[in-house]
Protein chains: 2
Amino acid sequence: MDDTGNSAAPMGRRERKKAATRQAIADTALRLFLERGYDDVGIREIADVADVSTTTLFKHFPVKEALVFDEDADQESGLLAAVRERPEGQSIPAALREHALRYRMAAADGDARFTAFFDLVDSTPALRDYAQAMWLRHTDALAQAIAEESGLPESEPACTALAHFALEAPRVARGHDDPRLAVARAFDLLEIGWRALVSRG
Amino acid sequence: MDDTGNSAAPMGRRERKKAATRQAIADTALRLFLERGYDDVGIREIADVADVSTTTLFKHFPVKEALVFDEDADQESGLLAAVRERPEGQSIPAALREHALRYRMAAADGDARFTAFFDLVDSTPALRDYAQAMWLRHTDALAQAIAEESGLPESEPACTALAHFALEAPRVARGHDDPRLAVARAFDLLEIGWRALVSRG
DNA sequence: CCAATTAGTGCAACTGATGTACTTTTGAAG
DNA sequence: CTTCAAAAGTACATCAGTTGCACTAATTGG
């Protein structure tokens, strides 16, 4: 839909300044959030420190939560690629499991800033919910990719079901002592069911 | 935790009045919501019409959404009963499917007030989300019941996975032309996977 | 009857978010 | 270069949900 952020695009002074303002706001917000916690930093303060008005802030970010997820990038393309470009013989749920384990559960081993970021999101209900809601917006696209790859009709509800469950899987892990195992088990359930369902037509 | 609402409990004048106030607030709110829509009725107005202060209102209901779900009753016991008292030979996912189809997708055929209520919830994002969040709070209890019934260790992540997915299933239906079919398919996926998973130990 | 709770009140304030009207900047057309 | 309209930003007021505080009044248990 919107192709902002393409580094190759020669944008004029105007768009550059706009992007700079946006970045300044997001950076300020994230810094303050990491310092003092999401709930203890108000919109007015962020705008103040970033030296813009609250009106301007909300012109760049629709809601407070969005300040944290500025660099969404395209998670969706990665997700779809995981399905479409999976190794020969690997089932779709298996590919999604790999992707989930690699991409969503990789918090621990990155550098400190990433860890802090994940901690922030993880420990703030509002941010967790927002992130999950964003994640679920890919359901339809994923369902369509699954339908194409599996040869099932696009309208087949099982495709939507698999897509939805796969996207919910990381959430199942919450509260388990071994999150990776929990996610793996959730995908086991889906994989076995999916195999049988596909082979029967 | 709290055992309010037990009709057999002889509560004193105080608790009776409290319950009456609560009921009056909830009734007023629901009436206004049905008349004019959830988003077009403010907290202050509800309190005003119910003749209480907003402070009092919030002492009975933690957030605006809660005004609509006053009569939660115990969905949880029904859910657990569906699993524990299922017919001989019926799998756990099958029992959950029956329960989902009967209890969650039954909006259309009740009397008009129920229909209107479901429409209200269904057409208001804030209420949908709140309802789903409430629904998911039963995950742990359901997972435990599943573990007991299936003989798997309580810590087995697959139990949590099945519980979570089963509770999410109704959401898969959203946006499909035939919601009941979509839900059924979602449970098919779970049932087949579950059978295999249990039989392997 | 006294003392401790506790429902309820009134009011002010805070926080996220929106609407309106006004100024500046900028890109581009003439 | 001038002019003009769109875009970006600002100031200010306001709304809605929610909370804190100080206080009253009813109730209940000892």
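Just so it is clear, the structure is predicted and the values come from calculations on it, not from any experiment. Order of the sequence lines fixes the chain letters, A, B, ..., with proteins taken first and strands second; residue numbering starts at 1 for each chain.
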- Message: Counting only heavy atoms and a strict 4.0 angstrom limit, can you tell me which residues of residues 27-42 of chain A come near DNA chain C?
- Response: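 Result for residues 27-42 of chain A: A:Val41, A:Gly42, sorted by number.
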
- Query: Which salt bridge (Lys or Arg N to Asp or Glu O under 4.0 Å) pairs, counting each pair once, include a residue from residues 117-142 of chain A, with sequence neighbours left out?
  - Reply: A:Asp122-A:Arg174

- Query: Among all residues two or more places apart in sequence or in another chain, which pass the salt bridge (charged side-chain N to carboxylate O under 4.0 Å, His left out) test with B:Glu154?
  - Reply: none

- Test salt bridge (charged side-chain N to carboxylate O under 4.0 Å, His left out) applied to B:Glu85 - qualifying residues, sequence neighbours left out: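 For B:Glu85, no residue satisfies salt bridge (charged side-chain N to carboxylate O under 4.0 Å, His left out) once neighbours in sequence are set aside.
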
Within this structure, what is the [atom1]-to-[atom2] distance between [X] and [N], rounded to whole angstrom?
X	N	atom1	atom2	answer
B:Ile25	C:dA7	CD1	P	12 Å
B:Ile43	D:dG17	CD1	P	5 Å
A:Lys59	C:dA21	NZ	C1'	11 Å
A:Phe61	D:dG9	CZ	P	11 Å

Can you tell me if the side-chain N/O atoms of [X] get under 4.0 Å from OP1 or OP2 in [N]?
X	N	result
A:His60	D:dG9	yes
B:Lys64	D:dA16	no
A:Lys18	D:dA8	yes

- In residues 44-58 of chain B, what residues come within less than 4.0 Å of DNA chain D, judged by heavy atoms?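 Hits under 4.0 Å, by residue number: B:Arg44, B:Thr55, B:Phe58.
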
- Task: Can you sort out the partners of B:Ala95 under side chain to side chain contact (heavy atoms under 4.5 Å, CB included), two or more places apart, ordered by chain and number?
- Result: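 Scan of B:Ala95 (side chain to side chain contact (heavy atoms under 4.5 Å, CB included), adjacent residues dropped) gives B:Arg86, B:Gln90.
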
- For residues A:Ala182 and B:Pro157, report the shortest heavy-atom separation together with the two atoms involved. CA-CB, 3.6 Å

- Mind checking whether B:Tyr103 and B:His99 have parallel, tilted or perpendicular rings, split at 30° and 60°? parallel

- Message: Can you tell me how the ring of A:Phe69 sits relative to the ring of A:Tyr130, calling it parallel under 30°, perpendicular over 60° and tilted otherwise?
- Response: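 Aromatic pair A:Phe69/A:Tyr130 classed parallel.
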
- Message: Against the six-membered ring of A:Phe58, is A:Lys64 placed for a cation-pi contact (under 6.0 Å from the centre, within 45° of the normal)?
- Response: no

